[in-house]
Amino acid sequence: MNVNNKSSVIIILFFALLFIKLDYAFVLKESNNLKLLQRCKKRCQNKNINSIRFCKKCHSLGMLNNNVISEKKNSVIMLSSSSKFDYNKIENLIIFGDSHSSVDTNFTDMSYTGNCHSGGKNWPLHLLDFNSNIKLLNFATRGAVVDSNIAYHKNDTIDFLRQYKLFYEKTTCEKKSLNEWNSYNTLFVIYIGTNDIGHINNKCKNEHSIFCTKNNKPVNDNINDIIDIIFNIIYKLYNFGARNIMIFTISPKRYILDNYLKNDVLSFNNNIIEKSKYFFKKHSDINFIIYNTADKFKDIISNCNMYKLKDCTNMWKLNKENNLSDYLWFDSHLTDHGNKILAEDINYLLYSLNN
């Protein structure tokens with residue numbers, strides 16, 4: 001056997017041995033991973049502090065990432081396989097938003113009068129009627145936008161940034177009103193952006209301008225900035241322990257009926273969905289529910305009589321001599337009847353996720 005043949009044999013033997021060693025290491029790693037996966041699944045059923053710490057390691061290794069993204073009634077559902085959503089165990093409903101959700105909260109003690117733009121109750125109050133075990137902590141305020149530095153309102157409003165700050169202060173400094181919430185018994189709801197879309201389409205002309213934007217960015221750039229702020233706050237909520245988050249897509253009345261600002265509304269909503277999916281991919285122990293308000297409103301309008309309504313396009317505010325309960329729209333907001341239909345649908349969706 002010449003030198004070249006000997007060298008070839010040696011090289012072949014070397015790589016054969018290396019392959020056997022690597023294959024053994026791979027099998028050993030797979031076996032260890034299987035054992036770790038079984039251990040993760042077993043221990044992560046518990047909710048004590050030590051288990052939560054252990055589960056974080058499992059998530060970082062991608063051991064429990066059997067999550068599911070699906071659609072129910074046109075809403076996008078992203079459910080964690082480790083932090084299972086159970087509507088029956090939800091005891092706290094924490095809401096951020098604008099006049100579509102506000103209940104005139106006194107932020108000193110978190111009590112509320114229930115005053116809203118519906119001629120009666122709005123969807124959070126009706127949802128409490130469907131589920132009396134839930135406590136409402138509502139930070140939504142009339143006229144709210146995500147960031148008032150982008151979407152300007154001459155009359156000072158408590159924007160989403162300040163709403164989160166109020167929540168943070170109540171949780172860290174005044175724990176009396178919020179000390180009963182935890183990751184598993186609380187649903188966070190974010191329903192905001194309707195005012196933003198209107199404001200960023202109007203440039204502020206002077207100091208007397210009321211609903212406008214002061215910057216010169218294109219509308220789509222402002223939308224992207226607004227969405228980024230929403231998810232920066234969601235990230236803070238996540239780090240604070242939030243694991244169940246529901247986001248409502250926006251659907252202004254004029255958009256539903258006349259396709260007003262259609263491209264901007266669709267851009268906002270699609271951006272919310274894509275950002276949620278990305279966040280869900282990076283944080284496998286969170287539950288995201290994206291509730292499609294536009295499709296629900298369109299369904300009600302298309303089946304007005306079925307929902308025991310007589311007028312699903314006009315505003316009762318302009319027809320006050322008529323019966324309020326016959327109308328879907330109070331003004332640009334839903335009536336009490338409309339809000340009850342919305343709350344019932346939300347309640348049904350949330351219960352359906354237990355299966």
Side-chain angles (χ1 to χ4, degrees), residues 95-105 107 115-118 122-123 138-167 189-234 236 247-275 292-294 297 313-318 329-334:
I95 298 177
F96 301 101
D98 54 30
S99 54
H100 293 285
S101 307
S102 65
V103 291
D104 193 23
T105 302
F107 295 117
N115 289 336
C116 59
H117 290 282
S118 72
N122 58 9
W123 74 265
N138 196 326
F139 294 90
T141 56
R142 298 181 183 188
V145 294
V146 173
D147 182 353
S148 55
N149 289 317
I150 298 176
Y152 175 71
H153 193 310
K154 185 177 180 181
N155 299 321
D156 187 37
T157 61
I158 300 178
D159 61 20
F160 187 22
L161 289 167
R162 288 170 64 189
Q163 289 177 28
Y164 169 76
K165 186 178 179 182
L166 280 168
F167 163 78
V189 178
I190 300 168
Y191 187 8
I192 199 165
T194 300
N195 294 322
D196 303 70
I197 290 298
H199 294 4
I200 61 177
N201 273 277
N202 297 310
K203 300 295 181 184
C204 294
K205 297 178 180 178
N206 52 51
E207 68 275 12
H208 301 297
S209 298
I210 301 176
F211 310 114
C212 55
T213 182
K214 292 182 177 180
N215 66 48
N216 294 313
K217 289 184 177 182
V219 169
N220 214 48
D221 287 355
N222 274 325
I223 290 175
N224 291 334
D225 289 345
I226 289 167
I227 300 294
D228 285 344
I229 293 169
I230 290 174
F231 278 87
N232 285 339
I233 294 176
I234 288 175
K236 291 178 181 179
I247 307 176
F248 288 21
T249 61
I250 63 169
S251 49
K253 177 178 179 289
R254 289 179 64 190
Y255 159 70
I256 295 295
L257 298 177
D258 305 318
N259 282 329
Y260 177 69
L261 300 178
K262 176 181 178 181
N263 291 336
D264 298 335
V265 172
L266 291 176
S267 175
F268 183 96
N269 290 339
N270 290 335
N271 209 332
I272 285 286
I273 293 170
E274 292 308 311
K275 286 273 189 179
N292 192 326
T293 58
F297 294 167
T313 56
N314 296 303
M315 297 185 291
W316 176 83
K317 196 173 182 179
L318 301 178
W329 303 99
F330 181 81
D331 43 26
S332 59
H333 303 77
L334 296 178

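- Separation of atoms NE2 (H100) and CG (N195) is listed at 6.5 Å; rounding is to 0.5 Å.
- Residues F96 and I192 form no side-chain contact, since every pair of their non-hydrogen atoms from C-beta on lies 4.5 Å or further apart.
- Residue N270 holds its CG atom at 10.5 Å from CG of N263, rounded to the nearest 0.5 Å.
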Worked verdict on N220 versus I223 for side-chain contact (heavy atoms from CB on, under 4.5 Å): CA-CA 5 Å; N220 214 48; I223 290 175; 4.1 Å; yes
Working for salt bridge (Lys or Arg N to Asp or Glu O under 4.0 Å), residues D228 and K275: CA-CA 9 Å; D228 285 344; K275 286 273 189 179; 2.8 Å; yes
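- In terms of the side chain to side chain donor-acceptor pair (under 3.5 Å) criterion, residue partners of S101 (sequence neighbours excluded) are, by chain and number, W123.
- Between L261 and V219, every side-chain heavy-atom pair lies at or beyond the 4.5 Å cut-off.
- In terms of modelled atom types and a separation under 3.5 Å, the side chain of D104 and the main chain of N115 share no donor-acceptor contact.
- For K203 (side chain) and N215 (main-chain N/O), a donor-acceptor pair under 3.5 Å exists by modelled atom type.
- Under the ring pair (Phe, Tyr, Trp, His ring centres under 6.0 Å) criterion, H117 pairs with H333, not counting sequence neighbours.
- Residues Y152 and C204 form a side-chain contact, since some pair of their non-hydrogen atoms from C-beta on lies under 4.5 Å apart.
- Within the model, atoms CD1 of I226 and CD1 of I197 stand 6.0 Å from one another, a figure rounded to the nearest 0.5 Å.
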I233 and I190: CA distance, side-chain angles, deciding distance, side-chain contact (heavy atoms from CB on, under 4.5 Å) verdict: CA-CA 11 Å; I233 294 176; I190 300 168; 6.0 Å; no
Test side-chain contact (heavy atoms from CB on, under 4.5 Å) applied to F297 and Y255, step by step: CA-CA 11 Å; F297 294 167; Y255 159 70; over 6 Å; no
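- F248 and Y191 have tilted rings, their planes meeting at an angle from 30° to 60° on a 0 to 90° scale.
- The only member of D196, T213, D264 that meets side-chain hydrogen bond (donor to acceptor under 3.5 Å, both in side chains) when paired with N201 is D264.
- Taking OG1 from T194 and NE2 from H199, the interatomic distance works out to 10.5 Å, rounded to the nearest 0.5 Å.
- K217 is linked by a salt bridge (Lys or Arg N to Asp or Glu O under 4.0 Å) to D225, counting only residues two or more places apart in sequence or in another chain.
- One N or O on the side chain of N122 and one on the backbone of S102 form a donor-acceptor pair closer than 3.5 Å.
- For D159 and S148, the side-chain atoms include at least one donor-acceptor pair closer than 3.5 Å.
- Put simply, the side chain of D98 never gets that close to the backbone of V145: no donor and acceptor are under 3.5 Å apart.
- If you take SG on C212 and CG on N206, they are separated by 8.5 Å, rounding to the nearest 0.5 Å.
- Atom CG of residue N138 and atom CZ of residue F107 lie 7.5 Å apart, to the nearest 0.5 angstrom.
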Audit row: D331, M315, side-chain contact (heavy atoms from CB on, under 4.5 Å) steps and yes/no: CA-CA 5 Å; D331 43 26; M315 297 185 291; 4.1 Å; yes
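- Looking only at side-chain heavy atoms (C-beta outward), F268 and I227 come within less than 4.5 Å of each other.
- Side-chain atoms of N271 and F231, non-hydrogen and from C-beta on, never get closer than 4.5 Å to each other.
- Judged by distance alone, the side chain of T249 and the main-chain N or O of T293 form a donor-acceptor pair under 3.5 Å.
- Under a cut-off of 6.0 angstrom, the local environment of NZ in K317 is sparse, with at most 12 non-hydrogen atoms contributed by other residues, nucleotides or ligands.
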